[in-house]
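Below is one structure, written out as structure tokens; comments come after it.
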Protein chains: 2
Amino acid sequence: MRRTIDFKRKQKVIVVDDKYEHASGVRELVNLENDYEVIANAGNANVAISLIKKYQPDLVLMDINMPEMDGINAIAEIQKLNLKTRIIVLTAYDDADLIYRAMKVGACGYVLKTMVSAQLIKALDEVSMGRIYLPNVLCSKFFEYFQEFERNGQKAMEDDNEENLLHYLTNREEEVLSLLLEGSTYKDVARELFISETTVKTHVNNIFQKLQVKEKTQAVLYAINKGFKPKKKVGVA
Amino acid sequence: MRRTIDFKRKQKVIVVDDKYEHASGVRELVNLENDYEVIANAGNANVAISLIKKYQPDLVLMDINMPEMDGINAIAEIQKLNLKTRIIVLTAYDDADLIYRAMKVGACGYVLKTMVSAQLIKALDEVSMGRIYLPNVLCSKFFEYFQEFERNGQKAMEDDNEENLLHYLTNREEEVLSLLLEGSTYKDVARELFISETTVKTHVNNIFQKLQVKEKTQAVLYAINKGFKPKKKVGVA
DNA sequence: CATTTTCTCCATCTAAAGATTTAGATAAAA
DNA sequence: TTTTATCTAAATCTTTAGATGGAGAAAATG
């Protein structure tokens, strides 16, 4: 194959799977390739992390349904090490949210165990060359979830959780709050809205009561957490 | 081709491109296929939205560098209509952030104008069958951006160049700041860290100087914008 | 029309925030 | 050993912030 000329040395691979037979099967399969060499197996996430720290492999093939620490968290942990090691998920499950979470925490590929072995090698090739490997079907599932996530991300924040106290604010109070969100003092707000500082204080006190907080910073934090977006631009031309 | 048997009627397509020649070229190309029929062209985003509302096409081929409203916003607007219409981006630009933003707001495909026409038809086929079409190269770029985005906690993407003044904070100052981020007063901080309030004020003043701000709220806002993450949990068991 | 909200403003007061200077104790670094 | 950085603390002072009560005017609401 063409790719054999791309590398000077074999790519070091670690296989992570709590089922020993699975890991062995994968090991043999990968070792058949000239470009790759499985240097270790790990039966759980903690062992995997230790081995990865020690050997700093080029690639990791990881099952993500394991006891103790689940694979997703394991991937996240490994990413924190800031190695060049790239991780490919190898699992039996193709749920959209699993794919999403795996890619989110830094996986570079996602292959199903039901797929033919050529797919796995293709994944190794692609990922070792710095690309992402996500078969079309899985890619579609990822985006299903991703786009649903982005769409409901804001709505779910506002009306899903608890009551959004921001709704009780009047227009003027929202204007004041939006200025506080920019780091303004009461004096600043008064200047920008052409009202007196005492008026600002009145508004602010009303805001505090409505948002059930006791301080400016808390009000600002509440607004940020609830995804507050100023309705009217208050800037002076 | 096999796909001709999948549909009873031709899929209605609208082409959006501010360059008339481009739109025409695409139109002819698409009309060569039995399965698709371009029913309208649009030269800008507003016209496009009107036409889409009126005709509710199956597919939209959209250029995303247009005057007035840009294509990304246009896609977002169209998504709000909640139609079955699926949108494919057709553009000359392959920047990672463009791909990311387009997919984020709901695009179902992304094709470069430099790609061969077969790619475009493939995209139409895939997307009309309910899948996502994103060529491998673009898919990799998307995930580059996506994973970077998730790692940095959504922050410091555009202004990554700017210095992050948070790095100058000492451990103790970070602890103080993290408590301020929870809405604590100085008295609260003093109580939680078992130090006097005057010490808290000293730390806070140092924080202000380092972050180049003048107030608690501004410091908190700066930290949030830079994606500040407390290193040590300060909570009392 | 009467009522209620909203927005405006003032006075007064207490509490908290912030600026500035000085300084002791440690621990690491030079 | 001297220097430097960090954490701690105090005194003093000025400026904001926040609480409370009242009140007038405009606008929306019933």
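Naming: A, B, ... by sequence-line order, numbering from 1 per chain. Everything numeric in this text was worked out from a predicted model, so none of it was measured.
One cannot find a donor-acceptor pair under 3.5 Å joining the base of C:dC10 and the side-chain atoms of A:T199. With hydrogens and angles left out, the side chain of B:K201 and the base of C:dA19 share no donor-acceptor pair within 3.5 Å.
Using modelled atom types, one finds no donor on one side chain facing an acceptor on the other under 3.5 Å when comparing A:T199 with A:T202.
Side-chain proximity of A:I195 to C:dC9, C:dA17, D:dT16: nearest is C:dC9. Listed candidates were C:dT8, C:dC9, D:dA17. Nearest to the side chain of A:R172 is C:dT8. The side chain of B:T170 lies closest to D:dC7 when the candidates are D:dC7, C:dC7, C:dA17. Here D:dC7 is the nucleotide among D:dC7, D:dA19, D:dA9 with the atom lying nearest to any side-chain atom of B:N171. If you check C:dC10, D:dT8, D:dA17 against the side chain of B:E215, the one that comes closest is D:dA17. Side-chain proximity of B:T198 to C:dT20, D:dA10, C:dC9: nearest is D:dA10.
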Passes side chain to side chain donor-acceptor pair (under 3.5 Å), A:Y36 versus A:D125? Steps please.
-> CA-CA 9 Å; A:Y36 305 102; A:D125 292 350; 2.5 Å; yes
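Put simply, NZ on A:K187 is 7 Å from C1' on D:dT15, counting in whole angstrom units. Spacing between atom CD of A:E197 and atom C1' of C:dT8 amounts to 15 Å, rounded to whole angstrom units. One interatomic measurement links the two molecules: CG of A:N205 to C1' of D:dT20, which rounds to 8 Å at whole-angstrom precision.
A donor-acceptor pair under 3.5 Å is formed between the side chain of A:Q147 and the backbone N or O of B:M103.
Toward the 5' end of DNA chain D, the nearer of the two residues B:E173 and A:K214, judged by each one's closest nucleotide, is B:E173.
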